Amino acid sequence: MNLNLKDFEVWFVTGSQDLYGEEALRQVVEDAKHVAASLNERPEIPVTVVYKPVMTSADEIRRLVLEANASEKCVGLILWMHTFSPARMWIGGLNVLHKPYVHFHTQYYRDIPWDAIDMDYMNLHQSAHGDREFGFINTRMRKNRKVVVGHWQDGEALQDIGHWTRVAAAWQDSQGAKIARFGDNMRDVAVTEGDKVAAQIQLGYEVNGYSLGDLTPYVDAATDAQINALLEEYEASYNLTDRVQEGGELRDGLRYSARIEVGMRAFLKDGGFKGFTTNFQNLVGLNQLPGLAVQRLMKDGYGFGAEGDWKTAALLRAMKVMSVGLPGGTSFMEDYVYHLDPAGSRILGAHMLEVCETIAAAKPVLDIQPLEIGGKDSPARLIFNGAAGPAICATLIDLGNRFRMVVNEVEAVDPPADLPKLPVARVLWDPKPNLKVAAEAWILAGGAHHSVYTQALTSKFVEDYCEIAGIEYLVIDENTEISKFKQDLRLGEIYYHLAKGL
Ligand code: MN
C-alpha cells in the first residue's frame, strides 16, 4: 500500500510547572528532548515523533492542543508528566482536544541511583505521582485514552506505543475519508445496513451512493494500452490458467476484467475515495461482477465490502493503514462453511470472489469460472489458500443506538486437501477458544457474516481503535466463557445507554 507512516506525526508533550525553578525546568526540557528523539529513532514507532515544548501553564497547553487539532499530520499526542503538573492546568486543553492521545507513564531514569539519590533527584523525577495526578483528571473528565507504563527504552512499552500510533494514523486517515457505495445494498440484507450519519459523526468517514452508470463511463474509457499493461502485470504476478492466457478461449473475459480494473481505479482516484462497496444484484452496465479488480484494489490499500457493506469497507481501510509495513496480510472475509468434526472443528472463510491476495500462502492462480449467482458473465478471480498462523476476524455492527465491534482471535491452518473444485480464494481457521464457543459468542453479539481478517494485527489494535472511537469492543479469545460473555453483553447495554449522560 502506497502510504508512508513517517509522514504522520505524534507529538511528544511533557508536563511540568513553574515551581521548580529555572535549573530544574532546563533539565526537564533536556530530558524530554532526549526521550522524544530516542522514540523517534525506535523501529517500534513507525510515525515521526515530534518534540514539543515542556508545558507549564494552562494557556500553553490550550494553545498546543489547538495547534494539534489543526494539524493534518498530527495523529495524536504522547503525554508524560516528568514532574508534578497540577492537573487543573490540563482541563482547558483536554476539553478542546480532538486528537487521540496516549498517556505514557514513564520515568527518565530506569533505576533508582541508590547511593546518589538526594532531594534534588526526588524533586525532578516525579512521574510516579505526577502521572497519577494527570491520570485522575482524565478519569474525572471521562476521557478515553491509552495508558502505557514502562521505561522509555523498554521494548514492550515502545511496541505498545508504536501499535497505538498505527491506530491513531488509521483514525486520522479515516477522518473525512470517502467510501463509494456502488448500487446500494444487497436486497433484504440486514447486517450490511446501518446509520451512515451516525457513522460519520462517530467514526469520521462519509459514505455516498453511486450508480453503476457513474462507473461505466470510466470502464468504457479504458484504452487498449492500459488493458495490455494490466494483462502484463497479471502475467508477472499470477499463474494464469490456459484458458485465460494469450490465445486461450476465455482471454477476452480476462481483458474485460482488466477493463473493469482500469475503470474502477480511475473512478476511485478521481473521487479521492479510500474504499468502496459493490453489489452483485446491481451491475447494470457491467458484464462481470468485479472480482479480480476488487482483489487487486484491496491489495493496494482500498477498503472493500461486498453487497453494499460500507462498515466493513471502512474498517478494512483502517486496518490496512494500521498494518502498513507489518508482516501478514489483511482482507475482506466471510465465514462460509464449517468443518464440524469434533476432533478439530474449523471455519472455511472465503467470499464468492473478493479476498485480498495479501493473505495468500503462495502465488495465486488467475482463472475465470462461473459464479452461479448474479446472472452475469463468468468473472475473473484469484484463487489461493490463506497462509497459516495467528489471525483475527473483526466485525463492526450497528445496534441501532451504537456501534459494536466484535473480534475473534483465530489460528489459520493449512487445508488438509487441495479443494480442486472450489475456484475461490479461501482460508481455513480454528477459532478461539473453539468453534462452538466462538460461534455462539459471535452470534449472541450480533457479529456479521462479513469481517476483516488480518494476520498483521492483533486484537489489541482493534481495542485501541474502539477506545479512540468511543465504541463498544468485545473480544472472543482463549478465555471466553459464554456465561461471562452474556454478562458483558448485558453490561454493555446499560453502559452505552448511561454513558450518553455522563
Ligand atoms: Mn457476502
Side-chain angles (χ1 to χ4, degrees), residues 179-194 196 199 207 209 212 260 264 275-283 286 288-299 302-317 319-320 329-338 347-359 369-376 378-384 386 391-398 404-408 410 419 422-429 431 438-439 442-443 445-454:
I179 307 291
R181 202 178 190 215
F182 291 117
D184 202 64
N185 203 58
M186 181 178 167
R187 290 169 202 135
D188 294 327
V189 172
V191 78
T192 45
E193 286 287 6
K196 298 194 281 287
V207 181
L212 272 290
I260 294 178
M264 288 189 104
F276 65 103
T277 69
T278 57
N279 176 3
F280 69 89
Q281 286 175 325
N282 198 338
L283 289 176
L286 289 186
Q288 289 178 15
L289 173 64
L292 177 63
V294 169
Q295 292 179 297
R296 288 173 45 79
L297 286 160
M298 271 194 270
K299 176 197 60 144
Y302 284 99
F304 170 75
E307 293 119 33
D309 188 350
W310 51 269
K311 294 190 293 300
T312 306
L315 181 60
L316 176 58
R317 165 67 185 192
M319 291 172 74
K320 288 272 183 188
T330 302
S331 179
F332 176 70
M333 189 54 69
E334 181 164 74
D335 302 86
Y336 232 100
V337 181
Y338 288 144
I347 298 175
L348 185 69
H351 203 260
M352 283 303 187
L353 305 174
E354 307 95 338
V355 174
C356 179
E357 66 186 84
T358 55
I359 68 165
Q369 297 246 6
L371 188 60
E372 318 287 359
I373 190 168
K376 290 279 177 174
S378 297
R381 84 285 303 274
L382 298 171
I383 303 165
F384 55 85
I392 57 168
C393 297
T395 177
L396 180 68
I397 57 163
D398 182 347
R404 166 182 283 168
M405 186 85 75
V406 186
V407 174
N408 190 191
V410 308
L419 300 89
L422 186 68
V424 298
R426 65 272 172 146
V427 54
L428 186 68
W429 67 78
W442 186 280
I443 285 170
H449 50 276
H450 289 164
S451 62
V452 175
Y453 171 93
T454 177

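Whatever order the structure lists them in is the order used to number ligands and atoms, beginning at 1. Because the structure is a prediction, the values reported are computed rather than measured. Nothing fancy with the numbering, it's 1 onward along the sequence.
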Could you verify whether a donor N or O on one side chain and an acceptor N or O on the other, from Ser451 and Thr395, lie under 3.5 Å apart?
-> no
Considering only N, O or S atoms, which atom of Glu307 is nearest to the Mn ion (ligand 1)?
-> OE1
Say you draw a straight line from CG of Asp309 to CD of Glu193; how long is it, rounded to the nearest 0.5 Å?
-> 9.5 Å
May I ask you to check whether His351 brings an N, O or S atom to under 2.8 Å from the Mn ion (ligand 1)?
-> yes
So, Glu334 and the Mn ion (ligand 1): N/O/S under 2.8 Å, yes or no?
-> yes
Side-chain donor/acceptor of Asn279 to backbone N/O of Gly308, under 3.5 Å | no
Gln295 side chain vs Leu353 backbone, donor-acceptor pair below 3.5 Å | yes
